[in-house]
2 protein chains.
Amino acid sequence: MLTIGDVARASGLPTKTVRYYADIGLVQPDARSQSGYRLYSDTEVRKLIFVRRARAFGFSVEECRELLDLYGNRDRPSRDVKNLALQRIAEIERKMLELEMLHKELSHLADACRGDDRPDCPILSNLADDSVSPTGS
Amino acid sequence: MLTIGDVARASGLPTKTVRYYADIGLVQPDARSQSGYRLYSDTEVRKLIFVRRARAFGFSVEECRELLDLYGNRDRPSRDVKNLALQRIAEIERKMLELEMLHKELSHLADACRGDDRPDCPILSNLADDSVSPTGS
DNA sequence: TGTAATCCTTCCAGCTACTGGAAGGTCAAG
DNA sequence: CTTGACCTTCCAGTAGCTGGAAGGATTACA
């Protein structure tokens, strides 16, 4: 059993955030010690890592809750789970494209600064390529 | 010259947000009409698209400001610009890896639901592969 | 066995980045 | 000349943390 500091280190989240997630019932500790310390198992650490990743890519806490639910709720029909997962996957693929564009833009800027003469505004040329539709999430 | 609704559509941001960015001086309108309407040019639209993307991937408004500054500030030494850009690129590459892991996880879940028997907890196997270090942004 | 350092707890205030709504002015179309 | 879709400011509220105070628990070491 791990204390909050341990799971914070293991999950890459601040203790404050882990405590907050416990408070809102997103990822709750397995148990409490006699003195009131939150105690976690590996399962919770994995959930927290999952949440950290999902949050970092714009999924709301409520969406994370729903995704975590997919794994926990035995009564839910399989196709519901699949549908929700597929929706999220499509969203992630859109995000991947956007991330690539951002990467291209900044790479272009960095390249343009190879010597010591910075061009006027490299962003404009690259940003014109707005083939990716907005995510809106 | 475009009004706020036009730039909102063109940039993929809500008008509210465009107005907010103007208020905090992140992306300001080119001018105001006689009646007080905010008027934007293409340059601002491009900046807004850039900001939308950067924000969607966890860059703070202040970081966006700094990045936009790279293009605008003529007095800044070229290596500063390059350094900041390279730092951000490294960050983006880390984010790309994390996004891929999230993608893998959800794909795995969706695959597991192909039939109608959902496995106990597919997340656990996939989440164990935590080779990517936390971003921390 | 004491004590210092480093945990942990709760509670509450504050922050970032929006977001919704009210009250009201502007503008193009019919 | 009014209807409807714009735009304006202002102010309050929300999501998701985040920092700090006050105090108890645990460990490590003399």
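Lettering of chains follows the sequences in order, A, B, ..., and the numbering in each one begins at 1. Because only heavy atoms are used, hydrogens play no part in the values below, and waters and symmetry mates are left out as well, while side chains stay in.
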Quiz item: Going by number, which of residues 29-38 of chain A have a non-hydrogen atom under 4.0 Å from DNA chain C?
Solution: A:Arg32, A:Gly36, A:Tyr37, A:Arg38

Practice problem: Name all stems that contain residues of DNA chain C, defined as runs of 3 or more consecutive Watson-Crick or G-U wobble pairs, both distances under 3.5 Å. | Solution: C:1-30 with D:1-30

Considering only nitrogen or oxygen atoms on both sides, find all protein atoms under 3.5 Å from nucleotides 14-17 of chain D and state each distance.
from: D:dG16; atom 1: OP1; to: A:Val61; atom 2: N; distance (Å): 3.0
from: D:dG16; atom 1: O3'; to: A:Arg55; atom 2: NH2; distance (Å): 3.4
from: D:dC17; atom 1: OP2; to: A:Tyr21; atom 2: OH; distance (Å): 2.6
from: D:dC17; atom 1: OP2; to: A:Arg55; atom 2: NE; distance (Å): 3.1

Quiz item: Between B:Glu93, B:Arg53, B:Arg88, B:Lys95, which is the residue that forms a side chain to side chain donor-acceptor pair (under 3.5 Å) with A:His103?
Solution: B:Glu93

Self-check item: Hydrophobic cluster identity match, B:Tyr37 and B:Leu13, side-chain contacts under 4.5 Å
Solution: no

Exercise. Would you sort out whether B:Leu2 and B:Asp42 count as a side chain to side chain contact (heavy atoms under 4.5 Å, CB included), showing the intermediate values?
Key: CA-CA 8 Å; B:Leu2 309 161; B:Asp42 276 8; 4.2 Å; yes

Quiz item: What distance separates A:Leu26 CG from A:Glu44 CD, expressed to the nearest 0.5 Å?
Solution: 11.5 Å

Practice problem: Determine whether B:Leu67 and A:Leu106 make a side-chain contact, defined as any pair of heavy atoms from C-beta on separated by less than 4.5 Å. | Solution: yes

Quiz item: Same cluster or not: are A:Ile49 and A:Ile24 linked, directly or through other Ile, Leu, Val, Met, Phe, Trp or Tyr residues, by side-chain heavy atoms under 4.5 angstrom apart?
Solution: yes

Quiz item: Within the side chain of B:Arg19, is there an N or O that forms a donor-acceptor pair under 3.5 Å with the backbone of B:Arg38?
Solution: no

Quiz item: Which distance, rounded to the nearest 0.5 Å, do you find between the CG of A:Asp6 and the OG1 of A:Thr15?
Solution: 11.5 Å

Quiz prompt | Separation of atom CZ in A:Arg19 from atom P in C:dC11, rounded to whole Å | solution = 12 Å

Exercise. Using atom NZ of B:Lys16 as one end and atom P of D:dG13 as the other, report the distance to the nearest whole Å.
Key: 14 Å

Quiz item: Rounded to the Å, how far apart are B:Leu26 CG and C:dT16 C1'?
Solution: 13 Å

Quiz item: Any side-chain heavy atom of A:Arg65 within less than 4.5 Å of one from A:Leu68?
Solution: no

Self-check item: d(CD1, A:Ile4; P, D:dT26) in whole Å
Solution: 16 Å

Self-check item: Atom-to-atom span, CG of B:Leu48 to C1' of C:dC18 - whole angstrom
Solution: 15 Å

Practice problem: Specify the separation, in whole Å, of atom CG of A:Asp23 and atom P of C:dC12. | Solution: 13 Å

Quiz item: In whole Å, what is the span from the CG atom of B:Leu2 to the P atom of D:dC7?
Solution: 11 Å

Quiz item: Is there a donor-acceptor pair closer than 3.5 Å between any side-chain N or O of A:Arg52 and the backbone N or O of A:Ser11?
Solution: yes

Quiz item: What's the spacing between B:Phe57 CZ and A:Leu99 CG if we round to 0.5 Å?
Solution: 4.5 Å

